[in-house]
Amino acid sequence: MKDKGLLVVISGPAGAGKGTIVTELVKNENVEVSISATTRSPRGQEKDGVEYHFLSREQFQEMIENDGFLEYAQYCGNCYGSPKKQAVEWMEQGKDVILEIEVQGCEKIKKQNPDCISIFIMPPSLEVLEHRLRKRATDSEESILNRLARAREEIRLAENYDYIVVNGPIEECVYDVKSILNAEKLKAKSFDINTILK
Ligand code: 5GP
């Protein structure tokens, strides 16, 4: 039987560069990214079913009631949740599943799945983070200030994660995250010695 895939939580302040890293990771056919559901409106060129499943508050609530989420949380006034069914199927097929979620969601996932791996993507500094958020130019001034305030709170919680990767040059950051996933797969507890001693 194929080993179950890893459940990998990637968090970090909005604008820290998580999206770019995840795009690189999913180039591997054994890695999938979970598409979250959210009640926030699409930003820029975002399309339903690609970046997010964009739901009304009522639809989101219905998914909660049907036990459709691995976790869900509020972030800057909107709801975000990781759909359960697809993620569980992928892991059973032996694929690693990435959840790109904020810190409260990570805490919930860790409680339910103690074997998950959590990685915090840290911006090199708050100044760099602000610059990246402004360059993105898809958020209002109010939203940017809101996200910067939230970033400070999230950074305080980074020490609860298994790994912290500083997002400087993107190739280095992607290399670090791939190294973490490789090392996790090589852990003794992940090895079935019966495949050798049969
Ligand atoms: P954004 O609105 O910038 O796309 O996302 C805001 C925050 O919500 C980001 O930190 C992102 O990682 C987080 N997020 C996205 N999807 C989920 C989810 O399914 N669950 C939780 N808890 N957070 C999410």
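Just so you know, ligand 1 is whichever comes first in the structure, and atom 1 is the first atom listed for that ligand.
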- Query: Taking ILVMFWY side chains as joined if any heavy atoms are under 4.5 angstrom apart, and letting links pass through other members, which residues group with V22?
  - Reply: L6, V8, I10, I21, L25, V26, V31, V33, I98, I117, I119, I121, Y163, V165, I170, V174, V177, I180, L181
- Does E153 pair with R156 as a salt bridge, N-O distance under 4.0 Å? no
- Note on the structure: side-chain contact (heavy atoms from CB on, under 4.5 Å) test vs V88 passes for just one of Q86, E92, K85, namely E92
- For ligand 1, the residues whose heavy atoms come within less than 4.0 Å (ordered by chain, then number): K18, S36, R40, R43, Y52, E71, A73, Y75, Y80, G81, S82, E100, I101, E102, G105, R147
- Task: Output, in order, the C-alpha distance, side-chain angles, deciding distance and verdict of side-chain contact (heavy atoms from CB on, under 4.5 Å) for E154 and Y75.
- Result: CA-CA 11 Å; E154 294 193 310; Y75 181 95; 3.8 Å; yes
- Query: Would D162 and K110 pass as an ion pair if we require N to O under 4.0 Å?
  - Reply: yes
- Under 4.5 Å between side-chain heavy atoms, hopping through other hydrophobics if needed: is there a path connecting I109 to I35? no
